[in-house]
Amino acid sequence: MEANTQLLPPKPSVRDAEDTGHPLFEHDISEPVAFRVSCRCSGVLTKKMTAQDIGRIIGVALSQQFGWKPDLRRPMLEVFVHLNDMYSVVGFPILRQPLASRDYIQSTGLRATTAWAMASLAEISTAQYVLDPMCGVGTILLEAAMEWPHATFLGIDKSESQLKHALNNVKKAGVMNRVALLQGSVLGLPVLSESMDVVISDIPFGKKFTCSKDMKELLPDIIQQMERVLRIGGVLVLLLSQKLHYHLKTNFNFKSNENKTLQIDGLDSSCQCSSKDSKAKEQIAMKHLDFTSLTYIESHSISLGVTEAVFFKCKKTS
């Protein structure tokens with residue numbers, strides 16, 4: 001019996017499009033491309049120029065070079081530009097929906113793509129129990145649970161309203177059987193010692209977070225609790241602001257696999273203590289904490305819009 005198989009024509013390549021005269025996307029070449037530039041800047045550059053100024057300069061250059069037409073309301077093409085002290089990124093969207101769009105997240109918190117990146121660093125593929133001790137609306141737990149369905153996840157937060165939002169997200173995602181939520185404080189975690197394979201957390205920072213104490217003062221107790229509940233061989237992944245990361249690497253001692261001094265690249269002078277901040281200097285001088293059971297693995301800089309942050313990863317070795 002002969003199989004009745006219908007062969008689909010191959011997708012045209014760029015060369016095919018050039019040879020046949022048919023473009024790969026519909027656009028009347030007699031009309032100029034309508035575009036807009038979305039620019040974000042951070043670091044020292046922001047002291048010299050605003051994102052709007054840079055976006056305007058790039059827009060003018062594109063118009064002059066290619067004859068494109070600026071259109072802020074209904075552009076056919078959007079050009080994303082991100083500039084900071086370390087790198088320059090230019091991007092073009094290729095999908096109709098943003099990568100961070102999730103239909104199961106009813107209440108938004110941390111960007112979903114950032115949460116997924118954190119979870120991918122945490123080696124959850126070999127983990128059984130995963131804890132987020134400051135879970136907020138549960139974005140990190142949801143991304144991890146959707147990607148690694150074999151593990152069990154626990155989220156803790158002191159805010160009842162945040163936990164309600166997290167519960168709605170968990171229900172919508174359909175992972176109620178694998179994600180548990182508990183009200184409690186990260187400064188006194190209601191979790192058995194050495195019971196977690198992974199501890200992963202977005203340490204609060206930025207204007208939208210308010211706290212009676214400076215997070216620098218709370219950080220030693222927070223890490224001590226995370227260290228306590230993490231089993232030997234377990235992974236700790238934190239999302240920190242650049243300033244908090246600088247404080248952590250400057251004043252806390254971690255083991256290093258390569259026995260080398262841990263350095264921070266790409267930090268501007270605003271990350272360091274100013275001469276006016278004498279109180280902070282005094283606290284730093286008094287607190288130089290040792291976390292000898294935690295071995296530093298890696299750090300990665302990440303952009304959260306106008307804010308620069310860092311993924312910090314270590315393992316509990318003894």
Side-chain angles (χ1 to χ4, degrees), residues 39-51 54 80-89 91 100 109-111 113-122 132-134 136 139-140 186 199-211 213-223 226 236-254 256 260-281 283-285 287-289 291 294 296-314:
C39 186
R40 291 177 177 174
C41 301
S42 57
V44 178
L45 185 63
T46 57
K47 299 177 182 179
K48 300 179 180 179
M49 301 183 71
T50 66
I54 297 176
F80 292 98
V81 180
H82 181 207
L83 306 174
N84 63 22
D85 298 338
M86 292 182 290
Y87 51 80
S88 303
V89 177
L110 182 67
R111 186 183 291 269
T113 47
T114 304
W116 183 91
M118 285 187 69
S120 67
L121 280 176
D132 183 350
M134 306 174 77
T139 308
I140 298 176
V186 68
V199 177
I200 183 170
S201 185
D202 172 14
I203 304 298
F205 61 90
K207 294 181 180 179
K208 65 180 180 178
F209 295 105
T210 57
C211 184
K213 285 189 176 182
D214 189 339
M215 187 55 68
K216 291 180 181 179
E217 298 179 40
L218 299 175
L219 195 59
D221 295 329
I222 290 174
I223 296 182
M226 294 177 175
L236 172 66
V237 175
L238 303 176
L239 176 60
L240 304 161
S241 67
Q242 276 200 342
K243 290 183 179 180
L244 208 54
H245 182 236
Y246 180 87
H247 173 76
L248 180 75
K249 301 290 282 291
T250 303
N251 301 286
F252 296 4
N253 282 333
F254 296 87
S256 174
K260 63 181 181 181
T261 303
L262 305 183
Q263 298 179 342
I264 301 180
D265 299 322
L267 297 181
D268 57 41
S269 58
S270 63
C271 293
Q272 302 180 20
C273 296
S274 64
S275 57
K276 297 179 181 179
D277 195 2
S278 57
K279 183 178 179 181
K281 276 188 173 183
Q283 291 173 343
I284 288 175
K287 284 191 174 183
H288 198 98
L289 300 178
F291 292 96
L294 296 177
Y296 169 79
I297 303 298
E298 57 187 326
S299 295
H300 299 279
S301 296
I302 180 173
S303 173
L304 304 177
V306 296
T307 305
E308 296 298 314
V310 178
F311 288 150
F312 178 83
K313 176 181 177 180
C314 55

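No experiment lies behind these values; they were computed from the predicted model shown. Values below: all heavy atoms of this structure, side chains included; hydrogens, waters and symmetry mates excluded.
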Any side-chain heavy-atom pair of I222 and M215 under 4.5 Å: yes
Interatomic distance, I302 atom CD1 to R111 atom CZ [nearest 0.5 angstrom]: 9.5 Å
Close side-chain approach of N251 and K216, heavy atoms under 4.5 Å: no
Distance, nearest 0.5 Å, that separates CZ of F311 from OG1 of T114: 5.5 Å
Smallest separation among heavy atoms of I200 and P133, with atom names: O-CD, 3.7 Å
Heavy-atom pair with the smallest gap, counting every atom of M134 and P204: CE-CD, 3.2 Å
ring-ring contact (aromatic ring centres under 6.0 Å, His included) between F312 and F254, worked out: CA-CA 12 Å; F312 178 83; F254 296 87; 5.3 Å; yes
Residue pair L294, M226: steps toward the side chain to side chain contact (heavy atoms under 4.5 Å, CB included) verdict: CA-CA 10 Å; L294 296 177; M226 294 177 175; over 6 Å; no
Reported CD-to-NZ distance for the pair E298 and K313, which is rounded to 0.5 angstrom: 5.0 Å
Residue pair I54 / L45, side-chain heavy-atom distance below 4.5 Å: yes
For the student: nearest non-hydrogen atoms of T139 and G109, plus distance: OG1-N, 4.0 Å
Flag side-chain contact, heavy atom, 4.5 Å: L244 against L238: no
Heavy-atom check, side chain of L121 versus side chain of I297, under 4.5 Å: no
Close side-chain approach of M49 and C41, heavy atoms under 4.5 Å: no
F80 side, atom CZ; C39 side, atom SG - distance, nearest 0.5 Å: 11.5 Å
K249 and S299, any side-chain heavy atoms less than 4.5 Å apart: yes
Straight-line distance of I203 CD1 to I223 CD1, nearest 0.5 Å: 7.0 Å
